[in-house]
Amino acid sequence: MRGIKSILTARRAAEIEPFEVMDVLSRAQALERAGRRVVHMEIGEPDFTAPAPVVEAGIRALRDGRTAYTATLGLHALREAIAGHYEKFGVQVAAERIAITSGASGGLLTIAALYVDAGDEILVPDPGYPGYRHFVRAFEGVAKVLPVSAASDFQPTLEMVRAAWGARTKGLLLGSPSNPTGTLVSREELGKIAEFIAQRRGVLIVDEIYQGLVYGQEPWTAFGLPGDVVLVNSFSKYFCMTGWRLGWVVLPPDALRGFEKLAQHLFISAPAAAQHAAISAFDSETIGILEDRRAEFARRRDFLVPQLKKAGLSIPAEPHGAFYVYAGVDGDARRFARDLLEKEAVAATPGVDFGGNRTDRFVRFAYTRSMDDLEEAARRIARFVSAPSP
């Protein structure tokens, strides 16, 4: 728990950058109240709700009164179901190595508490999910930026990790598929990185919350790579259960007890009814529904990427996962996003939310909307980009 109080001070809170996307959302909602039809492409949340079997299981849990605290590491039946889920990736994961968390955020927070001491460096890609650096900072660690670019599909390489590794470096935290770029690190490259980190007794933390949302290739997991590898996953994205606040982590055996003790204090246990419901997320009927949705996300991606290019935006690294397109724009991304919203009522996220590595020239579009909405958005974006400057 050392250091967590520091994030609660006025000084520490003042250091945290606000989410531009929340300002975009707030303004978009104001436009809707005024009668405008806004196409929301700013929020990273599926437009699908939880599959019916999961909802029904949740209702049964509530009616049966299954709402008490669970064990901190989660329902054993759910941990076993998750372990079985990994078999589809060709690996065997013991249920005892799985901890259920209050969303992936609860998992990342507890992992940071477990591994980060004051002054420790954790390497984080830039652009990347902004929470990474703040979780590290919460425990007085240093989030050391790895500037990634389209040349490596916005993913770290062994050479980058080697060059950045120093005496205080403790590990690397990355997402694959990535938010905001939708790109994946290759299995071969991640294996090399894992071997390098293992030789230095560091930790590799892999955020796999978009793992099920991969297109054009089969999803895979970093489990089984050399050294201390921690996996983070969630029911929010592939399973379409954002508000249920449920995730999991896979830990090295010798880290499990420490994680459990910290979790007892940080969140006690994940929501009970959500855990009971999530067991049904791995039933064949549910997986069939989710795979149909994955195919729909792929269809949307295949439509949106060429439409953005046609409109004049650049896509330097095409997405093969998640549900985002990271598009280069002419001029300042904040102004682009603001003007696109005001003039054409399309909401998108300025890249500055995801770091400082040339992110002011990028905008993230989420294709978490129906095809009708995406077609309308494409028309509006093309009109906006082609309009003469005032």
Side-chain angles (χ1 to χ4, degrees), residues 1-17 69-74 78-79 82 96-125 128-146 166-175 179 194 197-198 200-209 222-223 227-236 245-271 274-275:
M1 296 289 287
R2 180 169 63 252
I4 194 169
K5 64 182 180 181
S6 65
I7 199 173
L8 303 177
T9 66
R11 177 184 64 81
R12 185 68 67 177
E15 292 175 357
I16 297 176
E17 305 89 350
Y69 292 135
T70 71
T72 295
L73 294 180
L78 178 56
R79 296 166 74 192
I82 293 170
E96 291 72 23
R97 292 182 60 174
I98 297 168
I100 309 302
T101 60
S102 293
S105 295
L108 285 164
L109 177 68
T110 312
I111 289 166
L114 181 64
Y115 284 101
V116 178
D117 289 320
D120 285 346
E121 293 177 351
I122 300 293
L123 306 180
V124 295
Y129 177 61
Y132 297 159
R133 58 184 185 270
H134 293 309
F135 287 129
V136 173
R137 290 171 62 191
F139 296 94
E140 300 180 347
V142 176
K144 188 173 182 179
V145 167
L146 284 180
R168 296 303 304 270
T169 308
K170 192 73 169 286
L172 166 67
L173 169 55
L174 63 86
N179 177 11
I197 293 174
R200 283 147 187 81
R201 300 182 183 276
V203 60
L204 172 61
I205 304 164
V206 185
D207 179 353
E208 297 185 337
I209 70 170
F223 183 83
D228 282 349
V229 179
V230 178
L231 307 184
V232 183
N233 214 315
S234 171
F235 287 90
S236 290
R245 305 315 305 134
L246 201 63
W248 75 84
V249 300
V250 182
L251 293 151
D254 60 359
L256 198 68
R257 180 56 178 159
F259 184 95
E260 181 180 23
K261 290 189 293 183
L262 286 163
Q264 287 169 350
H265 293 282
L266 291 176
F267 59 84
I268 302 179
S269 65
Q275 290 191 60

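Shown here are the ring-ring contact (aromatic ring centres under 6.0 Å, His included) partners of Tyr129, two or more places apart in sequence or in another chain: Tyr132. Under the side-chain contact (heavy atoms from CB on, under 4.5 Å) criterion, Ala104 pairs with Ile209, Val232, Ser234, not counting sequence neighbours. Partners of Gln275 under the side chain to side chain donor-acceptor pair (under 3.5 Å) rule, at least two apart in sequence or in another chain, are Thr70.
The nearest pair of heavy atoms linking Ser105 to Phe135 is O-CZ, 3.8 Å. In terms of heavy-atom proximity, Ile100 sits nearest to Gly74 at CG1-CA, 3.7 Å. Ala194 approaches Leu204 most closely through the heavy-atom pair CB-CD2, 3.8 Å. Pairing each heavy atom of Ala255 with each of Tyr115, the nearest pair is CB-OH, 3.5 Å.
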Check your understanding: Taking it one step at a time, do Thr101 and Thr110 satisfy side-chain contact (heavy atoms from CB on, under 4.5 Å)?
Key -> CA-CA 9 Å; Thr101 60; Thr110 312; 5.6 Å; no
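Between the Arg79 side chain and the Glu96 main chain, a donor and an acceptor come within less than 3.5 Å of each other. Looking only at distances, no side-chain donor or acceptor of Glu208 sits under 3.5 Å from a matching main-chain atom of Leu231. A donor-acceptor pair is defined here as one N or O able to donate and one able to accept, closer than 3.5 Å; no such pair exists between the side chain of Lys170 and the backbone of Val116. In this structure a side-chain-to-backbone donor-acceptor pair under 3.5 Å is present from Thr72 to Ile268.
The salt bridge (charged side-chain N to carboxylate O under 4.0 Å, His left out) test with Asp120 singles out one residue from Arg168, Lys144, Arg137, and that residue is Arg168.
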